[in-house]
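Residue numbers count from 1 along this sequence.
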Amino acid sequence: MDSTTRKLAIVVPCYNEEGVLVRSVPELLAVTEKLAAEGEISPASYVLCVDDGSQDGTWAEICALSSEHSGRVRGVRLAHNRGHQYALLAGLMEARRDCDAAVSIDADLQDPPSVISAMVRKWSGEGDEIVYGVRSSRQTDTWFKRNSARGFYKLQRSMGVDTIYDHADFRLMSRRALDLLSEYHEQNLFLRGIVPQIGLKTGIVTYERAHRVAGESKYPLKKMLAFSIDGITSFSARPMRWIFYTGVVLLLLDIAVALYVIFSRMFGHVALGWSSLILSVWFLGSLILIAIGMVGEYIGKIFTEVKARPRYAISDRIGF
């Protein structure tokens, strides 16, 4: 395929990003213009914004940008808020109908749009079907976020989850990769774990992440923890196996304690044991609750999957 006929879609999931889009969309369009002028992509390439049920004027801003940049800015509006992963998937599935490759990037532009050029060259020049944007450092993060993220990636690897270290959802996917992604029908979405399973030729570009241009982060600690748990339980059964191993270890300890109690009883060394009894009850009770909660996570995911409800509903489209 001639590079000038390769149509690129830049997919931007948005939630309450009214004040950000007016700055980020023109910057993304400038990237497509530059690549088109260099003969890397088609001039018909476009930006696709996905409104994830925003509560502010995000959709109105998308409509205004679409009118201003006719044919180069498109919009999709979900019927209600479904979360970042679902909005991103909705955009990728819409884009694959009319593109040769799609780049996903957040509206806050902490992932620099200039990196898209390197991604496109890896795709068109080196034949990479999936190109991951990977942070070269985490100097812009707080100490807590930097170290908790490192711990999370290490935990995922130890659980057998195949993820790319320091990669979020900034990536390029070819049309073939998007078609293969469409065959994954799970309800519990964790695209950072799904995409590496596709198995096509991949490449990596590194970059320094910037601060948000406007607005606030949509991933506070509570959401990050929930996202981390979803990622692990969606791709690995090892937590349940660890619970089993913990139970075996505790059983061996119980046997040892029972032998000690019998020995003490035989020789008349009887102690009240109030403190040790209370501590044991609380400790074992906590482990039981953790185990029940972990099993509940998996049962809840099974419950969601077997219902097979639609993952999202699109209420409006513009610019198509």
Side-chain angles (χ1 to χ4, degrees), residues 1-14 17 20-51 61-77 87-133 169-182 191 195 200-203 205 207 213 314 316-320:
M1 182 186 299
D2 182 7
S3 61
T4 58
T5 64
R6 294 175 183 260
K7 186 181 290 188
L8 179 71
I10 301 179
V11 178
V12 187
C14 313
E17 301 286 10
V20 176
L21 290 176
V22 68
R23 299 175 61 181
S24 58
V25 170
E27 191 168 340
L28 293 172
L29 287 175
V31 171
T32 63
E33 291 172 357
K34 180 175 181 294
L35 287 169
E38 295 171 352
E40 294 287 345
I41 61 174
S42 166
S45 299
Y46 59 92
V47 175
L48 172 59
C49 299
V50 184
D51 179 12
E61 184 62 39
I62 292 172
C63 292
L65 288 166
S66 180
S67 298
E68 181 181 352
H69 306 279
S70 179
R72 300 180 58 219
V73 177
R74 304 180 185 184
V76 169
R77 187 182 193 184
L88 178 54
L89 181 69
L92 292 174
M93 293 301 99
E94 288 290 309
R96 80 183 182 98
R97 302 174 183 176
D98 185 30
C99 77
D100 297 295
V103 172
S104 55
I105 186 171
D106 288 342
D108 57 24
L109 297 191
Q110 285 186 279
D111 302 318
S114 57
V115 178
I116 295 175
S117 298
M119 289 180 170
V120 169
R121 292 187 179 95
K122 276 190 166 289
W123 163 56
S124 61
E126 301 179 23
D128 293 335
E129 304 263 15
I130 302 172
V131 183
Y132 298 104
D169 287 300
F170 184 31
R171 69 179 74 89
L172 178 146
M173 299 181 70
S174 70
R175 173 64 181 273
R176 184 158 72 125
L178 292 173
D179 288 340
L180 291 173
L181 177 62
S182 69
L191 293 175
V195 174
L200 298 176
K201 184 182 178 185
T202 63
V205 295
Y207 64 94
V213 297
I314 294 176
D316 295 294
R317 291 181 176 87
I318 189 170
F320 287 85

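You'll find the side chain of Phe170 stays beyond 4.5 Å of the side chain of Gln110, heavy atoms only. For the pair Leu35/Val31, a side-chain contact is recorded, criterion being any heavy-atom separation below 4.5 Å from C-beta on. Between Val73 and Leu29, the closest side-chain pair of non-hydrogen atoms falls below 4.5 Å. Using a 4.5 Å heavy-atom threshold, the side chains of Leu191 and Leu181 count as touching. In this structure the side chain of Arg317 never reaches within 4.5 angstrom of the side chain of Arg77, judged on heavy atoms. Taking the side chain as every heavy atom from C-beta outward, Glu94 and Arg74 never approach each other to under 4.5 Å.
Minimum interatomic distance between Ala107 and Leu21 (heavy atoms only, all atoms of both residues): CB-CD2, 4.2 Å.
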* Apply side-chain contact (heavy atoms from CB on, under 4.5 Å) to Ile116 and Leu28, showing your working. => CA-CA 9 Å; Ile116 295 175; Leu28 293 172; 4.1 Å; yes
* To do: Before giving the answer on salt bridge (charged side-chain N to carboxylate O under 4.0 Å, His left out), spell out for Lys7 and Asp100 the whole-Å C-alpha distance, their side-chain angles and the decisive distance to 0.1 Å.
  => CA-CA 5 Å; Lys7 186 181 290 188; Asp100 297 295; over 6 Å; no
* For Ser24 and Asp108, run side-chain contact (heavy atoms from CB on, under 4.5 Å): C-alpha distance rounded to whole Å, both residues' side-chain angles, the deciding distance at 0.1 Å, then the answer. => CA-CA 7 Å; Ser24 58; Asp108 57 24; over 6 Å; no
* Verdict with supporting geometry, Thr32 and Ile41, side-chain contact (heavy atoms from CB on, under 4.5 Å) -> CA-CA 8 Å; Thr32 63; Ile41 61 174; 4.2 Å; yes
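Distance check: Lys201 NZ to Asp128 CG gives 5.0 Å after rounding to the nearest 0.5 Å. In this structure, Trp123 CH2 and Leu172 CG are separated by 6.5 Å, a value rounded to the nearest 0.5 Å. One distance of note links CZ of Arg97 with CG of Leu178; it measures 12.0 Å at 0.5 Å rounding. Separating the OG atom in Ser66 from the CD atom in Glu61 is a distance of 11.5 Å, to the nearest 0.5 Å. Note that CD1 of Ile105 is 11.5 Å distant from CG of Leu88, once rounded to the nearest 0.5 Å. Rounding to the nearest 0.5 Å gives a distance of 5.0 Å between CD1 of Ile318 and OG of Ser67.
A salt bridge links Arg72 with Glu33: the closest approach of a Lys/Arg side-chain nitrogen to an acidic carboxylate oxygen falls below 4.0 angstrom.
Scanning for side chain to side chain contact (heavy atoms under 4.5 Å, CB included) contacts around Ala177 gives Ile130, Met173, Ser174, Leu200, with sequence neighbours left out. Residues passing the side chain to side chain donor-acceptor pair (under 3.5 Å) test with Asp111 are Tyr207, Arg209, sequence neighbours excluded. Evaluation of the side chain to side chain donor-acceptor pair (under 3.5 Å) rule for Lys34 yields Glu38 as partners, not counting sequence neighbours. For the side chain to side chain donor-acceptor pair (under 3.5 Å) test, no residue two or more places apart in sequence or in another chain qualifies with Asp316.
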Run the side-chain donor-acceptor check on residues 44-51: report pairs under 3.5 Å with partners two or more places apart or on a different chain.
from: Ser45; atom 1: OG; to: Leu8; atom 2: N; distance (Å): 2.9
from: Ser45; atom 1: OG; to: Ser42; atom 2: O; distance (Å): 2.8
from: Tyr46; atom 1: OH; to: Asp98; atom 2: O; distance (Å): 3.1
from: Asp51; atom 1: OD1; to: Ser54; atom 2: N; distance (Å): 3.0
from: Asp51; atom 1: OD1; to: Ser54; atom 2: OG; distance (Å): 2.5

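Pairs of residues two or more places apart, or lying in two chains, that qualify as salt bridge (Lys or Arg N to Asp or Glu O under 4.0 Å) and include a residue from residues 170-181 are Arg96-Asp179, Glu129-Arg176, Asp169-Arg171, Arg175-Asp179.
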